[in-house]
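I have placed the structure first, in the form of structure tokens, so that the comments after it can refer back to it.
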Amino acid sequence: EEVRCTLALEASAKTGQNVGLAMSRLVELAIRADHPEQGPLHYGYLHKRGHGATMFHKAYKRRMFVLRKQDDDQFLLEYLANGEKKGQIDLAGAIVTVGEDRRTFDIHESTRTYAIKAESADDFATW
């Protein structure tokens, strides 16, 4: 299946077709290969504000997020950049606050607050 995705990506790039669809399929394969026993509950792109960002410097970066249920019935939100896992947010005990624009939300974990922004209102509703 991975070979078919790679070929689809190459064909899309040559013909100028939607490369994003082929890339999404490749990301899905990588996510499932990383944890074959527990597929993701949901995944998609969100924008995460950098850890050192201040309220005056809002540097959001687009990241692939993957929501997983752990064995102990707790939830984990992983984020990736360029296909590599960059971090995770333990949602056990976390508090989520929603912004007035209904596209942004903050996840308050015990040691850190993550500022997240959805690409659209529909994406926000899905998450």
Could you walk me through whether E119 and R103 satisfy the salt bridge (charged side-chain N to carboxylate O under 4.0 Å, His left out) test, starting with their C-alpha distance in whole Å, then the side-chain angles of each, then the deciding distance to 0.1 Å, before giving a yes or no? CA-CA 7 Å; E119 293 187 344; R103 278 189 53 213; over 6 Å; no
Evaluate D123 against T126 for side chain to side chain donor-acceptor pair (under 3.5 Å), listing each step before the verdict. CA-CA 5 Å; D123 283 346; T126 301; 5.2 Å; no
Could you please spell out the steps behind the side-chain contact (heavy atoms from CB on, under 4.5 Å) verdict for L80 and F65? CA-CA 6 Å; L80 301 88; F65 278 79; over 6 Å; no
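Here the closest non-hydrogen pair linking R63 and A81 is NH1-CB, 3.3 Å. Of all non-hydrogen atoms in G44 and W127, the two that sit nearest each other are N-CZ2, 3.5 Å. Counting all heavy atoms, side chain and backbone alike, A94 lies closest to D90 at CB-O, 4.0 Å.
Each of I89 and L76 belongs to its own hydrophobic cluster when Ile, Leu, Val, Met, Phe, Trp and Tyr are linked at side-chain heavy-atom distances under 4.5 angstrom. Y45 and V66 fall within the same hydrophobic cluster, defined by Ile, Leu, Val, Met, Phe, Trp and Tyr side-chain heavy atoms under 4.5 Å apart, directly or through other members. Under a hydrophobic-cluster definition in which Ile, Leu, Val, Met, Phe, Trp and Tyr are linked whenever side-chain heavy atoms come within less than 4.5 Å, directly or via other members, I95 and I116 are assigned to different clusters. In terms of hydrophobic clustering, with Ile, Leu, Val, Met, Phe, Trp and Tyr side chains grouped at heavy-atom distances under 4.5 Å, L46 and L91 are assigned to a common cluster.
Y114 OH to Q88 CD: the interatomic distance, rounded to the nearest 0.5 Å, is 8.5 Å. The NZ atom of K48 sits 11.0 Å away from atom CG of L77, with the distance rounded to the nearest 0.5 Å.
The closest side-chain heavy-atom distance from I107 to T113 is not below 4.5 Å. Put simply, the side chain of H47 does not reach to within 4.5 Å of the side chain of K61, judged on heavy atoms. Counting only heavy atoms from C-beta outward, the side chains of T97 and F105 never approach each other to under 4.5 Å. For the pair L41 and F75, the minimum side-chain heavy-atom distance is below 4.5 Å.
For Q74, the side-chain contact (heavy atoms from CB on, under 4.5 Å) partners two or more places apart in sequence, or in a different chain, are Q70, D72, A92.
Both tests do not hold together for K85 against Y79: distance to the six-membered ring centre under 6.0 Å, angle to the ring axis within 45°.
Of the possible polar contacts, none joining the D122 side chain to the A125 backbone as a donor-acceptor pair under 3.5 Å is found.
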